[in-house]
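None of these values were measured; they are calculated from a predicted model. Here is how names work: the chains are called A, B, and so on, in the same order as the sequence lines, proteins then strands, and each is numbered from 1.
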There are 2 protein chains.
Amino acid sequence: MDTKSLMIDTATLLFQQKGYKNVGVNEILKACNVTKGALYHHFPNGKEELLIACLKGLNEAITIDIEDIFKKHPSTLEAIQSMIDKLIHNLETEGTITGYTFSSIVSEMATVSEPVRQACSLLYENMERIYCDKLVTEGYSQESAFEMALWMTASIEGAMMLCLTQKSTTPLKTISKLLPTILKGRTS
Amino acid sequence: MDTKSLMIDTATLLFQQKGYKNVGVNEILKACNVTKGALYHHFPNGKEELLIACLKGLNEAITIDIEDIFKKHPSTLEAIQSMIDKLIHNLETEGTITGYTFSSIVSEMATVSEPVRQACSLLYENMERIYCDKLVTEGYSQESAFEMALWMTASIEGAMMLCLTQKSTTPLKTISKLLPTILKGRTS
DNA sequence: GTCTATAAGCAGATAGAC
DNA sequence: GTCTATCTGCTTATAGAC
């Protein structure tokens with residue numbers, strides 16, 4: 001794998017785990033055994049440019065991964081629950097959040113850097129679009145599919161944050177358990 | 001008002017608006033016209049101790065405020081929607097988040113500082129307890145009241161984050177609109 | 001394209017006068 | 001209890017050799 005991709009992959013993981021400001025450039029470089037010269041060659045605008053590259057990479061990876069999950073599972077409900085299971089598994093084995101989430105980066109950077117905010121916005125848009133399309137095929141109207149997709153995203157991201165706060169996987173498990181109550185009874 | 005309280009109030013606002021790391025000690029001191037000596041006199045452990053004091057203050061303020069809202073409104077649904085309205089109003093007038101939320105601080109600090117994580121955890125616990133108690137009086141079982149309180153918290157915090165990302169109040173409005181669908185049909 | 005060494009600036013924290 | 005001046009360490013970023 002080339003140096004540039006290596007840097008992006010390493011940085012993505014670290015940013016997701018610890019946030020943006022809590023990870024120093026030196027730490028990233030040490031973790032992937034790359035020097036400062038190489039970083040500023042590939043990313044002239046430094047750390048923030050690297051972050052945006054990470055978000056773009058994450059966008060592609062997440063889109064492919066979620067589309068795959070939605071192919072495997074017949075219903076939106078099952079697909080979403082499978083995604084949540086993956087997040088819980090991540091949290092239990094690694095103790096940190098590395099999957100379909102990057103809300104920490106939003107919280108930290110959205111008010112401070114406009115390009116970063118836009119990259120994050122694009123990412124959520126893509127995820128919600130996948131949910132939304134699937135819901136439409138299940139008989140939801142465009143409008144309620146859109147609302148439901150937004151709600152699922154908000155619930156998952158919020159639950160993730162509560163898991164982090166409580167050091168527990170209960171919030172995500174609870175959301176997963178409750179999802180059927182809203183997804184049922186609204187079809188068509 | 002004494003210097004200590006002034007520092008806490010000023011810092012609370014700035015932390016909520018821009019996060020923890022994006023606000024420098026100097027910025028806080030300048031904003032409330034206090035010097036470094038005074039800060040380290042009142043908070044020997046510096047910035048992090050100040051943050052924890054902010055979270056404790058926020059805890060009291062939020063608890064009082066929410067309890068008040070719950071007294072004014074007969075049902076949980078109306079109370080929560082009134083809270084969301086307040087958040088939306090905040091977002092529209094000031095462009096930043098300053099109300100019943102501090103998820104940015106969680107995202108930034110929970111993995112890094114244990115005392116901060118605990119202070120945040122306590123805060124969410126209190127908020128959820130108020131929701132939960134109210135739901136029980138409305139006929140919910142202990143268990144489903146607990147789950148519902150958690151879900152409402154997750155939804156609101158997640159929606160808040162999406163509002164920040166999209167620079168729009170739509171996510172919060174959508175959540176507020178959809179809440180009745182889960183709060184109905186589960187009573188008793 | 002990658003290296004090392006160094007710069008320049010700012011963060012949080014401290015010491016000691018008043 | 002509050003002030004000013006100062007310190008240390010760490011941050012990102014650059015310059016120039018290879």
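In this structure, the CG atom of A/Leu50 is 11 Å from the P atom of D/dA13, given to the nearest Å. Rounded to whole Å, the distance from CD on A/Glu49 to C1' on D/dT12 is 14 Å. The interatomic distance linking B/Leu6 (CG) with D/dG1 (C1') rounds to 15 Å, in whole Å. Distance, B/Phe43 CZ to D/dT2 C1': 15 Å, rounded to whole Å. The separation between A/Leu39 atom CG and C/dC3 atom P is 12 Å, rounded to whole Å.
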**OP:** For each nucleotide in nucleotides 11-18 of chain C, reading 5' to 3', give B when a protein heavy atom comes within less than 4.0 Å of its base, S when such contact involves only the sugar-phosphate, and - otherwise.
**Re:** SBBB----
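The phosphate of C/dG1 has neither OP1 nor OP2 within less than 4.0 Å of any side-chain N or O from A/Thr3. Distances shorter than 4.0 Å separate none of the side-chain N or O atoms of A/His41 from OP1 or OP2 on C/dT2.
Looking at B/Asn45 and B/Tyr40, their side chains never bring a donor and an acceptor atom within 3.5 Å of each other. A donor and an acceptor atom, one from each side chain of B/Thr174 and A/Trp151, are nowhere located under 3.5 Å apart.
Summary for the helix from C/dG1-D/dC18 to C/dC18-D/dG1: the axes at its two ends, each from 5 pairs, differ by 0° when rounded to the nearest 10 degrees.
Remark: the backbone N or O of A/Val136 is not paired with any side-chain donor or acceptor of A/Gln142 at under 3.5 angstrom.
A salt bridge does not link A/Lys21 to A/Glu48: none of the charged side-chain nitrogens sits closer than 4.0 Å to a carboxylate oxygen.
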Original post:
Would A/Phe102 and A/Tyr124 satisfy ring pair (Phe, Tyr, Trp, His ring centres under 6.0 Å), going step by step from the backbone distance to the final call?
Top reply: CA-CA 10 Å; A/Phe102 43 94; A/Tyr124 281 118; 4.5 Å; yes
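Taking the centre of each ring, B/Tyr131 and B/Phe146 stay at or above the 6.0 Å mark.
For residues 22-42 of chain B, the pairs satisfying salt bridge (charged side-chain N to carboxylate O under 4.0 Å, His left out) are B/Lys18-B/Glu27, with sequence neighbours left out.
Under the 30°/60° scheme for interplanar angles, the aromatic rings of B/Phe15 and B/Tyr20 are found to be tilted.
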